[in-house]
Amino acid sequence: MFELNGFLQQQRDQDLYRTRKICEGKQRPEQVCDGKPLLSFCSNDYLGLAADARIVKSCQQATEQYGVGSGAAHLINGHTTAHHALEEELAAFTGRERALLFSTGYMANLGVVSALLDRKDVVIADKLVHASLIDAAKLSGARLLRYQHADMQSLQTHLENNTDTKKIIMTDGVFSMDGDLAPLPDIINQVGKNNSALMLDDAHGFGVLGQRGAGCVEHFDCNDDVDILVGTLGKAFGTFGAFVVGSDALIETLIQSARSYVFTTAMPAAIAEATRTSLKILQAASDRREKLQSLIQQFRIGAKQLGLTLMNTATPIQPVLVGSADKAVAMSQGLAAQGILVSAIRPPTVPDGTARLRITFSATHTEKQVEKLLGALESLQ
Ligand SMILES: *Cc1c(COP(=O)(O)O)cnc(C)c1O
């Protein structure tokens, strides 16, 4: 085996060394991690569905019915009535012709872009899109061009330079590290129909935005103008996996040639059944969405009074900008000492000099817990 310790030491020296906490029990705001009780503000379980008793029950019942493993890929004999029903329900929920399940969001993105583009083509991506979209573009072999974050002038320049090329324009709906929304109506205005497809990864928008929780396209009322829509099931849905929705031709193309779909085992049927229950709950969860909004507003008002630097966004992702990686780590450790779990996000996940605390909220947090967080942040100033 070749030498690895040089790299590891370098990560330590730069305060970039990552470690995992070992957490017990269900995903919820009050958890025991590394043997210590902690109040967490770092989960993507925005609606508090990850441990919902109704969803757990569906999963249990379906496990009895289908067993645990799906045993094969979808194209062999791993595609069950449960998967199929979920796909139909996701298509109806999103108002699309078809939906296709993937085992993770990462794999969905890899599969879509590499199935649709090759070396002759172009990807035009917002500078801050999720890592999986960048990896997807690279895997496809297409030329990757990035426009300045949410900057329509910069997008237009790339579009004008590539009018005749087949291309995918891609953006996150809610940006995972900044928590802001893509200016979708403006992007749609810019992107012509010719030779281009607009791809939206709304991992953090589904369940949170829109009356029915249908995410950014519902929020902006622009469902018809997004050609390829990706959602993940491991965030607000509280289960696991991902889906792509779009036209019949798009989904058929992915079934034929998305390698991360074809060459992998289908998600367990019980997860699909659990997600069917989750989808019903999520659509009707206006009360949870309202509760989430009120917690977010409570936090923002309190944080501004403390003079903290927030981003201009009302999503459950509320970054507090601190600057250097070591300061972000020190603050995260200071919060941990008071029993509060907030992740420090450092380069290379975010650009140099923009290290931050990434605070996320769930509808299952209480006002008291938000007060506790604000109090702890105040004590660290
Ligand atoms: C979480 C996330 C993914 C990856 O989804 P997984 O199901 O966790 O693999 C993709 N895109 C965005 C924007 C995400 O936030």
Side-chain angles (χ1 to χ4, degrees), residues 20 27 42-47 49-50 83 86 90 99-114 123 125-140 144 146 149-150 168-184 187 198-209 213-217 219 226 228-245 254 258-261 264-268 271-272 274-275 278-279 282 311 313 315-319 343 345 348-350 356 358-362:
R20 301 167 302 171
Q27 179 63 244
C42 53
S43 167
N44 301 316
D45 182 24
Y46 302 122
L47 298 180
L49 296 181
H83 297 102
L86 175 58
L90 285 167
L100 189 69
L101 290 172
F102 280 79
S103 294
T104 69
Y106 190 98
M107 293 167 75
N109 286 336
L110 292 192
V112 167
V113 183
S114 56
V123 168
D126 187 288
K127 189 92 187 212
L128 298 188
V129 292
H130 190 261
S132 58
L133 287 166
I134 297 303
D135 294 358
K138 287 184 182 162
L139 182 65
S140 75
L144 172 59
R146 305 182 74 174
H149 178 52
I168 289 180
I169 295 87
M170 55 167 67
T171 181
D172 290 15
V174 176
F175 285 87
S176 51
M177 292 302 138
D178 287 35
D180 58 333
L181 301 188
L184 265 188
I187 294 174
L198 177 58
M199 174 172 179
L200 174 67
D201 175 348
D202 206 13
H204 297 279
F206 275 106
V208 171
L209 298 169
C216 281
V217 292
H219 176 84
V226 173
I228 307 165
L229 177 56
V230 178
T232 63
L233 302 172
K235 288 166 182 156
F237 279 89
T239 61
F240 186 78
F243 60 90
V244 179
V245 292
L254 297 179
R259 293 169 67 84
S260 61
Y261 182 77
T264 201
T265 302
M267 71 162 68
I271 296 295
T275 306
S278 167
L279 176 58
L282 177 142
M311 302 283 212
T313 175
T315 68
I317 301 172
Q318 290 291 324
S343 16
I345 307 287
T349 310
V350 291
R356 62 198 66 179
R358 180 174 180 273
I359 297 173
T360 60
F361 294 95
S362 164

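Note that ligands are numbered from 1 as they come in the structure, with each ligand's atoms numbered from 1 the same way.
Of the possible polar contacts, none joining the Ser132 side chain to the Asn109 backbone as a donor-acceptor pair under 3.5 Å is found. Of the possible donor and acceptor atoms, none in the side chain of Thr171 sits under 3.5 Å from a partner among the backbone N and O of Asp126. Panel note: side chain His83, backbone Met267; a donor-acceptor pair is recorded below 3.5 Å. Within the 3.5 Å criterion, the main-chain N or O of Gly215 finds no donor-acceptor partner in the side chain of Asp202. Judged purely by atom type and a 3.5 angstrom limit, Thr315 has no side-chain atom pairing as donor or acceptor with the backbone of Gly205.
Looking at Leu49, Ile271, Leu86, Leu233 one by one, the single match for side chain to side chain contact (heavy atoms under 4.5 Å, CB included) with Ser278 turns out to be Leu49.
With hydrogens left out, the protein atom closest to atom 4 (C) of ligand 1 is Tyr106 N, 3.6 Å, a heavy atom. Gly105 N, 2.7 Å is the protein heavy atom nearest to atom 7 (O) of ligand 1. Closest to atom 13 (C) of ligand 1, if we only count protein heavy atoms, is Asp201 OD2, 3.3 Å.
When each atom of ligand 1 is checked for a heavy atom of His204 under 4.0 Å away, the hits are 14 (C), 15 (O). In the vicinity of Thr104, heavy-atom distances shorter than 4.0 Å reach the ligand 1 atoms 7 (O), 9 (O). Close approach to Ser132 involves these atoms of ligand 1, each under 4.0 Å from a residue heavy atom: 10 (C), 11 (N).
Checked against a 3.5 angstrom limit, the closest N/O atoms of Asp172 and ligand 1 fall outside it.
Proximity of Ala242 to ligand 1, defined as any heavy-atom pair under 4.0 Å, is not found for any part of the residue.
Between Phe175 and His149, the ring-plane angle classifies as perpendicular under the 30° and 60° cut-offs.
Taking only non-hydrogen atoms, the option from Met177, Met107, Lys235 nearest to atom 15 (O) of ligand 1 is Lys235.
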